[in-house]
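In what follows, chains are A, B, ... by sequence order, proteins preceding strands, each numbered from 1. Not measured: the values here are computed from a predicted model.
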Amino acid sequence: MNSTLTVTPGAPYDFAANAGFITHYRGREGSDAFDGETLTRPIDLCGKVAMAAIWSTGTVDRPELAVTLSGLSRSLSAAELGSATQQVERVTGAAGSPQPFYEMAKEVPALATLAERFHGLHLTRATSLFETIAWAILGQQISAIVAASLRSRITENYGRSGEIEGAPYALFPHAEQLAGVTVDELRALGLSQRKAEYTIGIADEFASGRLTEDGLTDLDDESVERQLLKIRGIGPWTAHWLLIRGLGRPDAFPAGDVALQKTLGELVTGKAMSPDELVTYAGHFRPYRSYLTIYLFALIRARRVGAA
DNA sequence: ACCCAGGCATTGG
DNA sequence: CCAATGCATGGG
């Protein structure tokens, strides 16, 4: 009882580049994978879980994605199909286009090269704001591998898992599933006292309805940032990252990031920038600074993989 | 044995 | 207001 649907991203869109970015830190989780052709990931349809297989049926300049949803016992309602389409559009970064950023990057040779190298990379988003926040906090100041193992343990213990046509899947818990958990339980999974407190605090914020993703959609970037900064565990770096990865806003920039200071500095001046210099320089890319951010992170990741 | 990794809140000057 | 410190784990 499979359903199919089609998604048309804004051009230019390079499916492999985006799928690689999405799965970069997810390789080990098994339920979210890209084999070079097809991106597979579980889709949460309010109680039912479908496995989505997503692949490209177009080109970079005329992009089109095909999606098959499997593991369903009956065909989907129109509302469910709409929800699935929305989720696929969200995680693949179908909306928006990096083109305006390219026009700006043209002015600086090193950045023109950067834009060319990752041509067709969009702003992809994580599945939910809650999940993005939880991931960001888990990952603060620890290596991606450690963060991934903490995430897996939380998913195993509190999330939903199962199997669809022989393929195992695991979904990170919803806020409601984590809200009643104790600090000690999370510490037993390897989280620090603080990470445990922050995680539960955020789950409570969402589960109680004090913080919702919908409640932020009509606010401008600065108002969203103010809301997020009130929450323990979220500082400036994380707030900006959430605007980009969690909400898909095109003009956020985590200026406190040391790797960005080093990398952008080396590209345009030959040496690391101070935080102030970075803010000033990034200002030239308003209102598309999120693209500058993800293109730099894509470069940083590629270098790490290359070095390893 | 160390040090660090896409930070943050807290504390002490 | 700025600088130093603890936090947790796993890989180099």
Could you check how far NZ of A:Lys195 sits from P of B:dG6, rounded to whole Å?
-> 13 Å
To the nearest Å, how far apart are A:Leu191 CG and C:dT9 P?
-> 9 Å
Nearest-angstrom distance from the residue atom CZ of A:Phe297 to P of B:dA5 | 13 Å
Atom NZ of A:Lys262 and atom P of B:dC4 are separated, to the nearest Å, by 12 Å
Quick one: on DNA chain B, does A:Tyr198 or A:Asp257 contact a more 5' nucleotide (nearest heavy atom)?
-> A:Asp257
Among C:dT9, B:dG7, B:dA9, which nucleotide sits nearest the side chain of A:Trp237?
-> B:dG7
Rounded to whole angstrom, note down the P distance from B:dG6 over to C:dT5.
-> 22 Å
Look at the side chain of A:Ile145 and decide which nucleotide, out of B:dG6, C:dG11, B:dA5, has an atom nearest to it.
-> C:dG11
Considering only side-chain heavy atoms of A:Val146, which listed nucleotide, B:dG6, B:dC8, C:dG10, is closest?
-> C:dG10
A:Thr85: what forms a side-chain hydrogen bond (donor to acceptor under 3.5 Å, both in side chains) with it, not counting sequence neighbours?
-> none
Counting any heavy atom closer than 4.0 Å, what does A:Ile294 reach on the DNA or RNA strands: base, sugar-phosphate only, or nothing?
-> nothing
Which whole-number value in Å describes the distance from A:Ile133 CD1 to B:dG7 C1'?
-> 15 Å
4.5 Å side-chain heavy-atom contact, A:Asn2 and A:Leu72 = no
Give one of base, sugar-phosphate or nothing for A:Pro254, where a contact means two heavy atoms less than 4.0 Å apart.
-> nothing
Between B:dC3 and C:dA4, how far apart are the P atoms? Round to whole Å, please.
-> 16 Å
Using the closest heavy atom to pick a nucleotide of DNA chain B for each, name whichever of A:Ser143 or A:Leu229 lands nearer the 5' end.
-> A:Ser143
Given B:dT10, B:dA5, B:dC8, which nucleotide is nearest the side-chain atoms of A:Ile142?
-> B:dA5
Closest approach of A:Phe118 and A:Tyr102, non-hydrogen atoms and distance?
-> O-OH, 4.0 Å
Within the 6.0 Å centroid threshold, strictly below: A:His122 and A:Tyr13 | yes
Side chain of A:Thr238 only, please: which of B:dG6, B:dT10, B:dG7 is the nearest?
-> B:dG7
Can you tell me how far C1' of B:dC4 sits from CD of A:Gln141, to the nearest Å?
-> 8 Å
Is A:Ile234 touching bases, backbone alone, or none of the nucleic acid, heavy atoms closer than 4.0 Å?
-> sugar-phosphate
Within this structure, what is the CZ-to-P distance between A:Arg245 and B:dG7, rounded to whole angstrom?
-> 16 Å
Sorted by first residue and then second, give each side-chain hydrogen bond (donor to acceptor under 3.5 Å, both in side chains) pair with at least one member in residues 281-291 of chain A; sequence neighbours left out.
-> A:Asp251-A:Arg289
Interatomic distance, A:Lys230 NZ vs B:dA9 P [rounded to whole Å] = 15 Å
